[in-house]
Amino acid sequence: MDRIRIVGGAELNGTIPISGAKNATLPLMIASLLTDETLVLDNVPHLADVMLLKRILGNHGVDCMVQGKRAGQNGSSGETIELSARDIVDTVAPYELVSKMRASFWVIGPLIARMGEARVSLPGGCAIGTRPVDLFIMALRDLGAEIDIDGGYVVARAPKGLTGARIQFPKVTVGATHVAMMAAALARGETTIENAAREPEVLDLASCLLKMGARISGAGTSTIRITGVDRLTGARHSVMPDRIETGTYAFAVAMAGGDVLLEGASAETLQAPLDLLGEVGAEVTATNEGIRIRRNGSGLNAVDVTTAPFPGFPTDLQAQLMALVCHARGASRIRETIFENRFMHVQELARLGADIHLDGQMATVHGVDRLKGAEVMATDLRASMSLVIAGLAAEGETVVNRVYHLDRGFERIEQKLGNCGATVERISG
Ligand code: EPZ
């Protein structure tokens, strides 16, 4: 199993190209199931989750071709992939595949809408929380699907097609908003999604669906209106920049000090974290090329943060923020409201000397002057990067084990950080 070795203490200076967003790429790839024509996606990041989804879609009969250069060979631009679901050969998404990645459950939306049936394995629990699928089932039932749970599978049927409806989510859910939007795009009549997720990735999916001929308004707000169409067509769409990768490297620069341009990053999708970086003591400037982050010798300030759906502070940056404030003056409070078990990085950060007290969903972090390198274990995707960030400022050597978590959502971190002066290397095996 690969490990990442970091020698702390160096400032970061230079440019980090921001990749296409993992959490936009996944639903965009899944949207290819909605049409028998080709969907071309540009700026696709080279990530383990993307590779896995190619396999999952392949199982349904989607032909996936990769064009052009691999990410890394051409600055910040990722791969171009062509997805063609001309013939859907199987409407079953099996346990072996769905259990590896929760987002693959989302195929249920396009499959039921286009094929009138789907049998998709329950994704099951995941390390960061129980993550049920009740709201997906609610939305699909609202659209007229009959749903049963059978042998660990969600079995959805709509032999006469789906019908537009009013879907009112009792809580904000990104995944069920994506699924409801995709399913409603091919339903008969009007659908209104209330309390929809406002995450920029929902807007990116809607933009692509519009290019495919869908009729959608209001994406990016909490009310989305969709008028169903008989069929969707092929289209070409470029994946939005990854706001979580952007935030992660911004926190890394704030931690290590230095001056870095996050090339291609978009400030509008990241206002809450960027405001917070200002509070912590970093200088943030949005430029035409991206976002520039600077911090010179000055110390870091403690903060009080609660995670929330967009436009609030994202849960996907909570672990990275925690690493940063391990070095702040005074006590920071971080409250996690989205997932009930997203504090597994706490005990790993403690190995580096962090002083963190957990009380339910609230973590209190007392800043320490000095972190010291140690061997640590990545527990989930974003938690892995919090350990890398802490390692950048720790004295001596930090080794992060179980890097496969990190490879699911961050590409070429050794190269991206290494080019800015950090000592970060992958140890294979
Ligand atoms: C998406 O997950 C992201 N994944 C997550 O990113 C992100 O943390 C999360 O949204 C919140 O922003 C992708 O986009 C691929 P939710 P998703 O449905 O859609 C509850 C990362 O690190 N809920 O918005 O699965 C759920 O348990 C990942 O890249 C129900 O109760 O999250 C949670 O408490 C991890 N019933 C809350 O809603 C349901 O049927 C929000 O989850 C569905 C969700």
Side-chain angles (χ1 to χ4, degrees), residues 19-31 45 47-50 52-53 56 98 100-109 120 122-142 147 149 154 167-182 193 195-205 222 239-240 242-248 269-270 272-273 307-321 336-342 344-345 361 378-386 405-411:
S19 300
K22 168 183 86 79
N23 287 350
T25 303
L26 301 178
L28 286 165
M29 288 173 71
I30 289 172
L47 299 171
D49 272 10
V50 171
L52 179 60
L53 186 56
I56 291 168
V98 180
K100 293 200 171 90
M101 180 174 64
R102 180 178 164 88
S104 54
F105 181 78
W106 302 351
V107 298
I108 196 166
V120 181
L122 282 165
C126 156
I128 60 175
T130 49
R131 305 180 83 185
V133 293
D134 54 326
L135 302 177
F136 293 81
I137 293 175
M138 181 203 88
L140 293 174
R141 281 197 174 130
D142 287 345
I147 309 243
I149 310 290
V154 178
I167 300 170
Q168 235 183 335
F169 285 119
K171 83 197 276 193
V172 176
T173 150
V174 175
T177 301
H178 283 314
V179 163
M181 200 162 64
M182 287 191 274
I193 306 176
N195 199 25
R198 288 181 280 165
E199 268 64 7
E201 293 76 13
V202 171
L203 185 55
D204 207 33
L205 174 63
S222 34
V239 178
M240 63 176 275
D242 196 318
R243 64 191 171 99
I244 303 302
E245 188 197 30
T246 305
T248 301
T269 61
L270 211 66
T307 61
F310 191 84
F313 187 88
T315 174
D316 291 350
L317 284 174
Q318 179 256 109
Q320 300 89 315
L321 169 68
E336 171 60 53
T337 68
I338 309 292
F339 294 112
E340 69 275 17
N341 189 23
R342 215 178 193 181
M344 286 171 300
H345 40 284
Q361 294 303 94
T379 49
D380 71 59
L381 161 58
R382 309 303 176 185
S384 330
M385 274 310 265
S386 80
H405 284 297
L406 201 146
D407 293 335
R408 294 186 54 193
F410 292 93
E411 61 177 357

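In what follows, residues are counted from 1 in the order of the sequence shown. Both ligands and their constituent atoms are indexed starting at 1 by order of listing. This structure is a prediction, so every number in the text was calculated from the model and none was measured.
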Check ligand 1 against [X] and write out every atom of the ligand that is under 4.0 Å from a heavy-atom position of the residue.
X: K22; value: 21 (C), 29 (O)
X: V133; value: 40 (O)
X: G175; value: 18 (O), 19 (O)
X: I338; value: 33 (C), 34 (O), 41 (C)
X: F136; value: 40 (O), 43 (C)
X: W106; value: 13 (C), 14 (O), 15 (C), 19 (O)

Only heavy atoms count here, so choose which of [options] is nearest to [atom].
atom: atom 35 (C) of ligand 1; options: Q318, R342, R102; value: R342
atom: atom 10 (O) of ligand 1; options: D134, V174, I244; value: V174
atom: atom 7 (C) of ligand 1; options: V202, T307, D316; value: D316

Check whether any side-chain heavy atom of [X] sits under 4.5 Å from a side-chain heavy atom of [Y], and report yes or no.
X: F105; Y: V154; answer: yes
X: L317; Y: R382; answer: no
X: E199; Y: P309; answer: yes

Using distance alone, decide if ligand 1 has a nitrogen or oxygen within less than 3.5 Å of any nitrogen or oxygen in L135. yes
Report yes if some N/O of P132 lies less than 3.5 Å from some N/O of ligand 1; otherwise report no. yes
Between E201 and R243, does any side-chain N to carboxylate O distance fall below 4.0 Å?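 Between R243 and E201 there is a salt bridge, with a charged N closer than 4.0 Å to a carboxylate O.
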Could you pull out all residues at least two apart from D142 that satisfy side chain to side chain contact (heavy atoms under 4.5 Å, CB included)? M138, A165, I167
For E336, enumerate each residue passing the side chain to side chain contact (heavy atoms under 4.5 Å, CB included) test, keeping only those at least two apart in sequence or located in another chain.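 For E336 the side chain to side chain contact (heavy atoms under 4.5 Å, CB included) partners, ignoring immediate neighbours, are T307, T315, Q318, I338, F339, R342, F343, Q361.
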For V172, state whether at least one heavy atom is located under 4.0 Å from any atom of ligand 1.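 True for this residue.
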Taking the non-hydrogen atoms of A176, is any one of them nearer than 4.0 angstrom to ligand 1?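 Distance cut 4.0 Å: A176 fails for ligand 1.
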Please name the residue in the list K22, M29, K100 that meets the side chain to side chain contact (heavy atoms under 4.5 Å, CB included) test with L53.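 With L53 as partner, side chain to side chain contact (heavy atoms under 4.5 Å, CB included) holds for just one option, M29.
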May I ask you to identify, for [X], whether its side chain, its backbone, both or neither come under 4.0 Å of ligand 1 on a heavy-atom basis?
X: K171; result: side chain
X: F169; result: neither
X: T315; result: side chain

Give, for atom CD1 of I108 and atom CD1 of I147, the distance between the pair rounded to the nearest 0.5 Å. 5.5 Å
For side-chain contact (heavy atoms from CB on, under 4.5 Å), just list the numbers for N23 and D316, CA-CA rounded to whole Å, side-chain angles, deciding distance to a tenth of an Å, and then say yes or no. CA-CA 11 Å; N23 287 350; D316 291 350; 3.6 Å; yes
Let's go through Q168 and N195 carefully: what are the C-alpha distance in whole Å and the side-chain angles of both, what is the deciding distance for side-chain contact (heavy atoms from CB on, under 4.5 Å) to 0.1 Å, and is it a yes or a no? CA-CA 6 Å; Q168 235 183 335; N195 199 25; over 6 Å; no
